[in-house]
Amino acid sequence: MNLQECYTAIEGDYDDVINRLRSERLVQKFILKFLDDGSYDLLLKSLEEENYEDAFRASHTIKGVCQNLSLPKLMDSSAKLTEVLRSGWKPEAAELVEQVKRDYEQTVSVIRKFQEGL
């Protein structure tokens with residue numbers, strides 16, 4: 001799997017990220033660093049501890065990273081969660097958390113497959 005195929009599989013915007021970072025080498029570097037970002041783990045831990053302020057910050061970070069890497073599917077779900085968590089927990093957040101989990105796991109799974117092929 002090449003980088004462009006990776007982006008297709010995660011429903012990312014390859015052309016946009018290349019235009020933004022100007023180099024496939026840089027895109028590859030940052031998409032692989034995504035695997036090491038601790039924001040998702042912080043989100044889950046914060047939600048478990050009912051620390052909604054940290055959960056908000058973690059979801060906001062995920063949204064920003066996805067925006068920079070042109071990953072609109074995960075960016076959209078994390079943006080919706082961020083807005084709900086902005087003022088603490090609300091019942092509709094539970095469904096959004098599940099969507100972020102699905103989108104994140106899909107994204108990470110594809111990036112790991114890409115990484116294995118290097």
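These figures come from a predicted structure and were not determined experimentally.
With sequence neighbours left out, K101 forms a side-chain contact (heavy atoms from CB on, under 4.5 Å) with Y40, L44, V97, E98. Evaluation of the side-chain contact (heavy atoms from CB on, under 4.5 Å) rule for S46 yields L42, N51, D54, A55 as partners, not counting sequence neighbours.
With contacts defined as side-chain heavy-atom distances shorter than 4.5 Å, the pair L81/L43 qualifies. D15 places a side-chain heavy atom less than 4.5 Å from the side chain of D13.
Within the structure, the side chain to side chain donor-acceptor pair (under 3.5 Å) test picks out the following pairs touching residues 76-85 (sequence neighbours left out): S59-T82, S77-D103, E83-R86. Counting only residues at least two apart or in different chains, ring-ring contact (aromatic ring centres under 6.0 Å, His included) contacts with residues 65-89 comprise Y52-W89.
More than 12 heavy atoms of other shown residues, nucleotides or ligands fall within 6.0 angstrom of atom CD in E49. Surrounding NZ of K90 are more than 12 heavy atoms belonging to other residues, nucleotides or ligands, all under 6.0 Å away. Within 6.0 Å of CD in E105 there are more than 12 heavy atoms belonging to other residues, nucleotides or ligands.
In this structure, CZ on R22 lies 10.0 Å from CD1 on I18, to the nearest 0.5 angstrom. S109 contributes atom OG, which lies 14.0 Å from atom CZ of F114 (distance to the nearest 0.5 angstrom). The distance from atom CD of Q99 to atom CG of L74, rounded to the nearest 0.5 Å, is 9.5 Å.
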Please report, to 0.1 Å, the donor-acceptor pairs under 3.5 Å made by any side chain of residues 3-11, with sequence neighbours excluded.
unit_1	atom_1	unit_2	atom_2	d
E5	OE1	N2	N	2.8
Y7	OH	L69	O	2.6
T8	OG1	Q4	O	3.1
E11	OE2	K73	NZ	3.2

In a table with atom names and distances, give each donor-acceptor pair under 3.5 Å that connects a side chain of residues 24-34 to protein atoms at least two apart or in another chain.
unit_1	atom_1	unit_2	atom_2	d
E24	OE1	Y14	OH	2.4

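Inspection of the R112 and Q115 side chains reveals no N or O donor paired with an N or O acceptor under 3.5 Å.
The two residues G12 and P72 come nearest to each other via the heavy atoms CA-CD, 3.8 Å.
Transitive grouping of hydrophobic side chains (ILVMFWY, heavy atoms separated by less than 4.5 Å) keeps L85 and M75 in distinct clusters.
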